[in-house]
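Each remark here refers to the structure printed beneath this line.
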Amino acid sequence: MDLLNNLFVNLYDWLAGALHALAAGLNLVKDAENAIVAAVMSLVVIVVLLLWLVLMVLVLIWLERKNAARIQDRVGPNRVGPFGLLQPVADTIKMFIKEDIVPTNADRLVHTLAPIVVAAPAVLAFAVIPWGKGMFPVDLNIGVLWVVAVGSIGTIGIFMAGYGSNNKYSLLGGMRAVAQMVSYEVPQVLTIVAIVLMTGSLSLNKIVDAQSGWGGMQWYIFAFPVGPIAFIVYYLSALAEVNRTPFDIPEGESEIVAGHHTEYSGMKWGLFYVGEYFNFFLVCTIAVTLFFGGWQGPLLPPYVWFLIKVYALILLGMWIRMTWPRFRVDQLMGFAWKTLVPIALVNIILAALATPILKAIGLI
Amino acid sequence: MDLIVFYLFATLAVIAALGVVALRNPVHAALCLAVVFISLAALYVLLSAPFVAAAQVMIYAGAILILFVFVIMLLSPGVDQGAGALKWQRPLAAVFGLALAVELILVLASAVLPAARGQYTPERLAQIGDVQAIGALLFTDFLLPFEITSLLLLVAMVGVIVLAKKRVRS
């Protein structure tokens, strides 16, 4: 059991030890040896994390299509591989060999950079997530802020795509997306403030540690009433932040073709697609870390608990996507500013007042 | 290592800042401004102030820049041809630019580099935490400016709402 719980931490330690043994053969100064090992190990972590994220996106795409099919009484992908599991792989290969089209009179440089600016920050944000006990790429003491700050760079990328494509639908979609993402970032950050107030730290590791009571079940979602309110507001604004139905007006097909990525093809379009799933996965991991105790949980290994919770939230998001119609533009902005922001603000005051009481009765 | 990172981002910031001034397309200038903000954030991290860095990216690159871009788009973006400039604008700019350059040279010539170390050394910050240090300062030494700033922002917000409401009624 102990072996399984610390599987990846032990693997990391073993690899670092092996590298130290290898580097010792070079007879370097101790500092140089440590620096080399640290550099190689961080490279290993980066590569493993990237591969893991790509794998997760492939799984998410397959899951989304299968779920959509099931809810809409269809079969879904079932030709490539067992249960259509290899369909996303086939789609990726197709994406790579497609022609890359840049429209005439488009702003070439901005058009090319946009998909990168959208997808790269989403990957950066994963650097601070605690995936399991002792499994975090870096421990920043401003972890939560890092995720929010890096996420706000993606907005610029979407604007670049809208502007650089020289297409009115792209521009409209880009403007809609930017307005929506800036608006929904406000309630999202405000709900995080409530959790930070209860923990007294911005570090994601400390937030997870603070939820370790009751045999790993003392999650903030149970800290009534602050936790549940914060979670609902966070989850709704997070769905809007990643432009998923019912908040997908930036790319509403029936209104503006495909919004900001109308003029993209091949792997550039693929980057937008992947970036969207990176972001969706990211907001679910953050929600799990903040409200559902991260990797905390009884019996099962920490990283298994983490994945179970993340996929539960992902399935919830997919369910919402498949069953709700799209918002209207004016309703959407009204919902952010007139409903979510006031609730989140009241929740902060509530958190400040309730934290001592909750601590006294042992709920947090 | 720190030095390499510093020179990398300092160069990037200066080049992007030149782009902000020199590029004729206002959208390109705004995007260069984003690069400046993000490079400055990296420099803040080097100064062991990660909180300020995150706030810099979040507020300047994430919100203020987006507002700039919005205004640019609402005013219909076009490449600036230099038309519409006022006649006395260039001579005036030269005078002000010269004054600023003289000021800058004087300050740089008289400043002692490196300056004396302040109260918040990296070691002390690592001990108390940079977020905690900023919070404590904001609510003790800088309480009055902090409150006045929030009042100022509130007034600006109320002003905007009043102006916007009037237009709807007429």
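Throughout, a chain's letter reflects where its sequence line sits, starting with A, and its residues are numbered from 1.
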- Item | Among the listed options A:V150, A:I156, A:V182, the residue most often paired with chain B at heavy-atom distances under 4.5 Å |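 So the answer, after comparing A:V150, A:I156, A:V182, is A:I156.
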Measure distances from [X] to the heavy atoms of chain B and classify the residue's part below 4.5 Å as side chain, backbone, both or neither.
X      : result
A:M160 : side chain
A:L202 : side chain
A:L171 : side chain
A:A35  : neither

- Query: side chain to side chain donor-acceptor pair (under 3.5 Å) with B:S39: which residues, sequence neighbours excluded?
  - Reply: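 By the side chain to side chain donor-acceptor pair (under 3.5 Å) rule, B:S39 matches no residue at all.
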- Note on the structure: Within residues 61-70 of chain B, contacts to chain A at heavy-atom distances under 4.5 Å involve B:A61, B:G62, B:L65, B:I66, B:V69, B:F70
- Query: What orientation do A:F272 and A:H260 show, parallel under 30°, tilted 30 to 60°, or perpendicular over 60°?
  - Reply: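 Tilted: the ring planes of A:F272 and A:H260 meet at 30° to 60°.
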- Message: Angle between ring planes, A:F278 versus A:F126, binned at 30° and 60°: parallel, tilted or perpendicular?
- Response: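 The rings of A:F278 and A:F126 stand perpendicular, inter-plane angle above 60°.
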- Message: Just verifying a value: how many Å separate A:N279 CG and A:L239 CG, rounded to the nearest 0.5 Å?
- Response: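 If we round to the nearest 0.5 Å, A:N279:CG and A:L239:CG are 12.0 Å apart.
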- Task: Enter the distance from B:C32:SG to B:F37:CZ here, rounded to the nearest 0.5 Å.
- Result: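 Here the rounded value is 12.0 Å.
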- Indicate whether the side chain of A:T199 and that of A:Y220 have a donor and an acceptor atom separated by less than 3.5 Å. yes
- Message: Taking A:S165's backbone N and O only, do any of them form a donor-acceptor pair with A:Y264's side chain (distance below 3.5 Å, no angle check)?
- Response: no
Who wins among [options] for the most heavy-atom pairs under 4.5 Å with chain A?
options              : value
B:L31, B:V131, B:I38 : B:L31
B:Q132, B:Q56, B:H28 : B:H28
B:A30, B:A53, B:A54  : B:A54

Note, [X] side chain near [Y] side chain (heavy atom, < 4.5 Å):
X      : Y      : result
A:N141 : B:P50  : yes
A:L340 : A:T191 : no
A:L236 : A:Y184 : no

